[in-house]
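As structure tokens, the structure follows; a few thoughts come after it.
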Amino acid sequence: MASAPKSVDIAIIGAGVVGLATALRLAGEGREVLLIDPHEPGSGASFGNAGTIAEYACMPVGNPGVLRALPKLLLDPESPFSLRWAALFQLAPWLIRFVRQSLPAATRANALALAGLLAEALPAWGEMVQEAGLQDLMRRNGCLYVYRRDSDFAASESGRALRAELGVHQQVLTADQVGALEPRLAAFETQGLYFPDSINVSDPKAVMARLAAAATARGAQLMRASVTGLATGAGGVRLSGPGLAVTAQKVVIAAGARSRPLAAQAGDRIPLETERGYHLEFPTTTPLLNRPVCPVDLGFYMTPMDGRLRVAGTVELGGLEAPANPRRLALLDRGVRQFFPDLGQPSSQWLGFRPSLPDSRPVIGPSRKSPDVIYAFGHGHLGLTLAPITARLVAGVIDGKDSTLLSAFSSARF
């Protein structure tokens, strides 16, 4: 890691996948870039996710189906959607907004906005794969949802219809067709939904390492430090923290779940909360699956990765400070054994933090108070998917280019 310069053209706060993709983009354009993060690049949620580039995922987390089921979801200890009740007071304002955004009109507006961004996700990923040499880490086998109860498939009808209207490529499969795609899955008698265009990565950690290497090869500097202070002024944006004092002409806040206090110092109150995500990994000598598979009733993904099966997902609201909840890890373990009962013990477990907004839309674009501060956070479950298109949009903002996409993701909507 480099020592921080006293001044720089562009500072990016946060070296997750969004920050890395943005650094790669800007450095590739010849910009002077400093990427600041207290941890190893890409070691947070960008490492621990399900590894899916989910161009189909335009349905927001908050929607009428979730709203109808919310009391049961929150009270059932086996639910894929939960909260830490000790954090309820802190979460109450966010939950009120979430309920409002789960109403039909808001759900449709949020899905339309996400679909517009997701339509550019795969082309933007194609560019980044070439720039960072990621070809051997990409798997183009699609993604599969499986419905083990007829009621769950029926409940998904509105989502399927909206995705179809928005141009998402999806195919309804019979149980036999699911079995042909995934012969090692335990047999079931209902239906599947296949997204054939989806891509997954075989090793998220390796992807992050290559993005960091590609950015630094183009001149970006990496600084291991925490940014705790941000102040705008005529001379630029001053960043401070333990051992850190940098003035940047432009600052990109891409600090994921830790972005809210920095945005507040820039003058914007963003209702960002934390989804605590979990994964377990099981060593495998041969792949158990050919692609990511999501059992919809269980709310997690089973993704084949190099030498292992990663089981990742569920939603737990509850902040950044509490330790891992063993009940959530046990839920993943019990769930995956319904499909693969002979799995051995997990080789690793993980807790990470997703930046979550009530409308499931990220915040991308300039601060309302200062055009020198640009936001690129709040991607929720779509950070991996949307990183390169976010980088493209951020670069456009810095270059003074207008984009019709940006209005739906402005901080002004709050």
Side-chain angles (χ1 to χ4, degrees), residues 16-17 20-21 40-57 121-122 125 128-129 132-146 181-186 194-213 277-295 298-314 324 328-329 331-354 379 381-388:
V17 66
L20 288 169
E40 188 71 20
S43 59
S46 301
F47 153 75
N49 55 61
T52 57
I53 299 170
E55 91 299 337
Y56 56 84
L122 291 185
W125 255 101
M128 196 167 76
V129 164
L134 303 174
Q135 295 88 338
D136 61 310
L137 299 174
M138 301 290 113
R139 302 288 182 266
R140 299 176 182 273
N141 293 327
C143 178
L144 180 64
Y145 282 9
V146 292
L181 284 178
E182 296 294 347
R184 296 177 187 85
L185 275 184
Y194 181 45
F195 303 101
D197 298 335
S198 176
I199 299 169
N200 67 284
V201 301
S202 61
D203 190 334
K205 183 177 181 180
V207 170
M208 300 309 132
R210 289 198 199 172
L211 288 175
Y278 293 84
H279 85 219
L280 294 173
E281 289 190 332
F282 298 85
T284 56
T285 54
T286 58
L288 298 176
L289 296 169
N290 298 316
R291 58 189 50 77
V293 173
C294 173
L298 299 176
F300 59 69
Y301 280 76
M302 302 179 290
T303 302
M305 295 187 177
D306 287 345
R308 63 203 190 275
L309 179 72
R310 178 175 290 185
V311 185
T314 76
R328 306 308 291 174
L329 292 164
L331 184 67
L332 293 177
D333 190 77
R334 289 195 301 274
V336 71
R337 292 180 193 281
Q338 294 180 38
F339 296 90
F340 301 108
D342 297 328
L343 279 174
Q345 292 303 305
S347 57
S348 65
Q349 63 184 47
W350 175 86
L351 163 67
F353 306 106
R354 305 187 195 104
H379 294 74
H381 297 248
L382 295 174
L384 185 67
T385 301
L386 294 175

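Given the structure is predicted, the values throughout are model-derived calculations rather than measurements.
In terms of modelled atom types and a separation under 3.5 Å, the side chain of Ser198 and the main chain of Ile53 share a donor-acceptor contact. When atom types are taken as modelled, the side chain of Trp125 and the backbone of Pro388 share no donor-acceptor pair closer than 3.5 angstrom. With hydrogens and angles disregarded, no donor-acceptor distance shorter than 3.5 Å links the side chain of Arg337 to the backbone of Gly335.
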(message) Please determine whether side-chain contact (heavy atoms from CB on, under 4.5 Å) holds for the pair Val336 and Gln338, giving the CA-CA distance in whole Å, both sets of side-chain angles, and the decisive distance to 0.1 Å.
(response) CA-CA 5 Å; Val336 71; Gln338 294 180 38; over 6 Å; no
(message) Determine whether Leu309 and Phe340 satisfy the following criterion, side-chain contact (heavy atoms from CB on, under 4.5 Å), listing intermediate values before the conclusion.
(response) CA-CA 11 Å; Leu309 179 72; Phe340 301 108; 4.2 Å; yes
(request) Just do the side-chain contact (heavy atoms from CB on, under 4.5 Å) check on Val311 and Asp333 with the steps written out, would you? (result) CA-CA 8 Å; Val311 185; Asp333 190 77; over 6 Å; no
(request) Tell me, with the steps shown, if Met138 and Val207 meet side-chain contact (heavy atoms from CB on, under 4.5 Å). (result) CA-CA 9 Å; Met138 301 290 113; Val207 170; 4.2 Å; yes
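Asn290 is linked by a side-chain hydrogen bond (donor to acceptor under 3.5 Å, both in side chains) to nothing, counting only residues two or more places apart in sequence or in another chain. Ala209 meets the side chain to side chain contact (heavy atoms under 4.5 Å, CB included) test with no other residue; sequence neighbours excluded. Residues forming a side-chain hydrogen bond (donor to acceptor under 3.5 Å, both in side chains) with Tyr278 (at least two apart in sequence, or on another chain): Arg276, Glu316. Considering only residues two or more places apart in sequence or on other chains, Asp136 meets the side chain to side chain contact (heavy atoms under 4.5 Å, CB included) condition with Arg210. With sequence neighbours left out, Ala312 forms a side chain to side chain contact (heavy atoms under 4.5 Å, CB included) with Ala50, His279, Arg310. The salt bridge (charged side-chain N to carboxylate O under 4.0 Å, His left out) check on Arg140 picks up nothing, with sequence neighbours excluded. In this structure Arg334 satisfies the salt bridge (charged side-chain N to carboxylate O under 4.0 Å, His left out) test together with Glu78, sequence neighbours excluded.
Shown here for Phe300 and Leu332, the closest heavy-atom pair between the two residues is CD2-CD2, 3.6 Å. Counting all heavy atoms, side chain and backbone alike, Ala21 lies closest to Met128 at CB-SD, 3.6 Å. Contact detail for Leu289 and Met302: the closest heavy-atom pair is CD1-O, 3.5 Å. In terms of heavy-atom proximity, Leu20 sits nearest to Pro41 at CD2-CB, 4.0 Å. Counting all heavy atoms, side chain and backbone alike, Ala54 lies closest to Thr385 at N-OG1, 2.8 Å.
Within the model, atoms CE of Met305 and CG of Asn200 stand 7.0 Å from one another, a figure rounded to the nearest 0.5 Å. With rounding to the nearest 0.5 angstrom, the CG atom of Leu386 is 9.0 Å from the CG atom of Leu384. Here Leu144 contributes atom CG and Glu182 contributes atom CD; the two are 6.5 Å apart, rounded to the nearest 0.5 Å.
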Please tabulate, one pair per line, all N/O donor-acceptor pairs under 3.5 Å involving side-chain atoms of residues 341-353, not counting sequence neighbours.
unit_1: Ser347; atom_1: OG; unit_2: Glu281; atom_2: O; d: 3.2
unit_1: Ser348; atom_1: OG; unit_2: Glu281; atom_2: OE1; d: 3.2

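In summary, of the residues considered (Thr303, Asp203, Leu280), a side chain to side chain contact (heavy atoms under 4.5 Å, CB included) with Arg308 occurs for Asp203 alone.
When side chains are defined from C-beta on, Arg139 does not count as touching Pro292, because their heavy atoms never get closer than 4.5 Å. Counting heavy atoms from C-beta on, the side chains of Phe47 and Glu40 never come closer than 4.5 Å.
Legend: side chain to side chain donor-acceptor pair (under 3.5 Å) pairs involving residues 44-56, not counting sequence neighbours, sorted by first then second residue: Tyr56-Tyr301. Sorted by first and then second residue, the salt bridge (Lys or Arg N to Asp or Glu O under 4.0 Å) pairs with a member in residues 345-354 read Glu275-Arg354; sequence neighbours excluded.
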